[in-house]
Amino acid sequence: MTGRAFTPSPPDQSASGWGQSLYTGAAGIALAHIEAARAGTGNWATAHQWVTTMVREPISADPDTCGLHHGAPAVAFVLHTANQPAYAAVLDQLDAHVAAIVLHRLDRAHDRLEAGQPPALAEYDLIRGLTGLGVYLLHRRADDELLRHILRYLVRLTRPVTVDGVSLPGWWSAHGPEDRPSPHWPGGHTNLGLAHGIAGPLALLSSTFRRNIAVDGQADAIARVCAWLDDWRIGSGAAAWWPGLISAGEYRTGTATRSEPQRPSWCYGTPGLARAQQLAGLALDDPARQRIAERAMAGCVADQRQLAQFGDASLCHGWAGLVQVAVRMAADSVDGETFAVSTLTGRFTAYLAQSAPATSPALLDGHAGIQLAQLAATTGNPPDSRWDASLLLGS
């Protein structure tokens, strides 16, 4: 592994729920140590210590607040990734709680659909919503009928709806990007990103379809989202990029006001959106679709304007996320594109050497995510554990 040894700063373990948080707490740190142990660069004793920290408090199974980010689904994702017999009995118990959470969330989502109301981002997104719960089921129990129920919901989500005579995408939010009413977002917005937007459902629909897990209308749903993203793509070839958010005003005019690509992050930038569309091309056996995504990513990693916007090394919105996406996309490239993984790795390593260490020990914004991306970059191979399914990068 390149860079410094992984020695996270002492976290605030007094924070309620910190242990069972995948993206911001001990669960994500345990995930990093599990991957290191599986790869032979760490040890199982340390990994188990972090697993113990993760489960120190009673695990939440609150169906209104739990998702891949927190509680039973987060803890179960980590324990399944470890692939250790000692965790099997606990996993079986957690699976029952996850199933109850999924059924509750699906009932609420379908009630909302029947009422003709727009969704909250947390209903469907990767971090808190049904897409993230679907990721867990694909990771753990791909043959579970609950996963197909989630896919049916996502297919329905992709269908347009008519509100006050205006046709809107089914995932249109009446709120701002913070998932609450905002005077800065009158009329709401639509979110394109992988973390909180439609790229997340697209990636899950595509990953499952690629593994022959499909429901009626799934291929059409994948194609429908891709066509919508085509409508909002700015530029073409290696100069292509997508806005992360579209306001009601932009939607009315059909034109995004942003004139420059945003930061090339996993969460909202070109890398995450390109990976979701690459997965769609793979799922539909559509090399042309793949090439659109891969050329955009190749242009992104060569665009110094985009790279200059990085201000940290994190998975969420820094160098680690870009490197992890590049490793994944290179492994699946239709034309053998490398996406400059070796060059990016060098720049990532140099950035780490020249900048202050991350203050957070966590997965998305700190040491744990940086460690995981360093390991993938060093080997040049996607992780066997598929830990990056938690980012919708694995399939």
I'd like to know if the side chain of [X] and the backbone of [Y] have a donor-acceptor N/O pair within less than 3.5 Å.
| X | Y | answer |
| --- | --- | --- |
| His175 | Ala120 | no |
| Arg38 | Thr81 | yes |
| Asp125 | Arg128 | yes |
| Trp242 | Leu229 | yes |
| Glu35 | Pro383 | no |
| Thr338 | Val341 | no |
| Gln20 | Ser60 | yes |
| Ser333 | Met329 | no |
| Glu123 | Arg108 | no |
| Gln277 | Arg289 | no |

**Item:** Working for side-chain hydrogen bond (donor to acceptor under 3.5 Å, both in side chains), residues Glu294 and Gln278
**Value:** CA-CA 7 Å; Glu294 292 173 9; Gln278 183 193 43; 2.8 Å; yes
**Asked** Run the side-chain contact (heavy atoms from CB on, under 4.5 Å) check on Val323 and Arg347 step by step: do they pass?
**Response** CA-CA 10 Å; Val323 169; Arg347 293 190 64 171; over 6 Å; no
In Å and rounded to the nearest 0.5 Å, what is the [atom1] to [atom2] distance from [X] to [Y]?
| X | Y | atom1 | atom2 | answer |
| --- | --- | --- | --- | --- |
| Gln374 | Trp319 | CD | CH2 | 14.0 Å |
| Ile246 | Arg258 | CD1 | CZ | 12.5 Å |
| Arg211 | Ser206 | CZ | OG | 13.5 Å |
| Asp111 | Leu106 | CG | CG | 10.5 Å |
| Ile127 | Thr24 | CD1 | OG1 | 10.0 Å |
| His97 | Ile101 | NE2 | CD1 | 8.5 Å |

Would you mind reporting whether [Y] and [X] have side-chain heavy atoms less than 4.5 Å apart?
| X | Y | result |
| --- | --- | --- |
| Tyr136 | Asp95 | yes |
| Leu205 | Leu151 | yes |
| Pro73 | Val98 | yes |
| Asn83 | Ile34 | no |
| Trp387 | Gln324 | yes |
| Val51 | Trp44 | no |
| Phe310 | Tyr351 | no |
| Leu322 | Gln306 | no |

Looking at every heavy atom in both [X] and [Y], which two are closest together, and how far apart are they?
| X | Y | value |
| --- | --- | --- |
| Leu284 | Ala223 | CD1-N, 4.3 Å |
| Phe339 | Val301 | O-CG2, 3.8 Å |
| Ala203 | Leu194 | CB-CD1, 4.1 Å |
| Trp171 | Thr190 | NE1-OG1, 2.7 Å |
| Gly71 | Ile59 | C-CG2, 3.8 Å |
| Pro183 | Pro186 | O-CD, 3.5 Å |

Got a sec: does the [atom1] of [X] have more than 12 other heavy atoms crowding it under 6.0 Å?
| X | atom1 | value |
| --- | --- | --- |
| Asp230 | CG | yes |
| Arg112 | CZ | yes |
| Asp384 | CG | no |

**Prompt:** Can you list every pair that meets salt bridge (Lys or Arg N to Asp or Glu O under 4.0 Å) and has a residue in residues 303-315, with sequence neighbours left out?
**Reply:** Glu260-Arg305, Asp303-Arg305
Hydrophobic clustering (ILVMFWY, side-chain heavy atoms < 4.5 Å, transitive) - are [Y] and [X] grouped together?
| X | Y | answer |
| --- | --- | --- |
| Ile292 | Leu192 | no |
| Val102 | Leu79 | yes |
| Tyr268 | Met297 | no |
| Trp172 | Leu245 | no |
| Phe77 | Val90 | yes |

**Request:** Determine which pairs satisfy ring pair (Phe, Tyr, Trp, His ring centres under 6.0 Å) with at least one residue from residues 176-217, sequence neighbours left out, and list them in order.
**Result:** Trp185-His189
**Request:** Apply the test side-chain hydrogen bond (donor to acceptor under 3.5 Å, both in side chains) to residues Thr158 and Arg224: give CA-CA distance (whole Å), side-chain angles for both, the deciding distance (0.1 Å), then the verdict.
**Result:** CA-CA 7 Å; Thr158 68; Arg224 187 159 48 243; 2.9 Å; yes
**Request:** Verify side-chain contact (heavy atoms from CB on, under 4.5 Å) between Asn191 and Ile198, making sure each step is shown before the conclusion.
**Result:** CA-CA 6 Å; Asn191 195 306; Ile198 194 56; over 6 Å; no
Ion pair [X]/[Y], N-O distance below 4.0 Å:
| X | Y | result |
| --- | --- | --- |
| Glu145 | Arg152 | yes |
| Asp92 | Arg140 | yes |
| Arg275 | Asp388 | no |

**Prompt:** Please walk me through it: do Leu273 and Trp241 pass side-chain contact (heavy atoms from CB on, under 4.5 Å)?
**Reply:** CA-CA 9 Å; Leu273 278 154; Trp241 57 280; over 6 Å; no
**Message:** Can you confirm whether the side chains of His139 and Ser390 place a donor and an acceptor under 3.5 Å from each other?
**Reply:** no
**Request:** Kindly determine whether Leu168 and Tyr251 satisfy side-chain contact (heavy atoms from CB on, under 4.5 Å), including the steps that lead there.
**Result:** CA-CA 9 Å; Leu168 296 170; Tyr251 187 79; 3.5 Å; yes
**Request:** Hey, can you tell me if Trp50 and His33 have their rings parallel, tilted or perpendicular (30° and 60° cut-offs)?
**Result:** parallel
**Message:** Under the rule for salt bridge (charged side-chain N to carboxylate O under 4.0 Å, His left out), what residues qualify as partners of Asp220, not counting sequence neighbours?
**Reply:** none
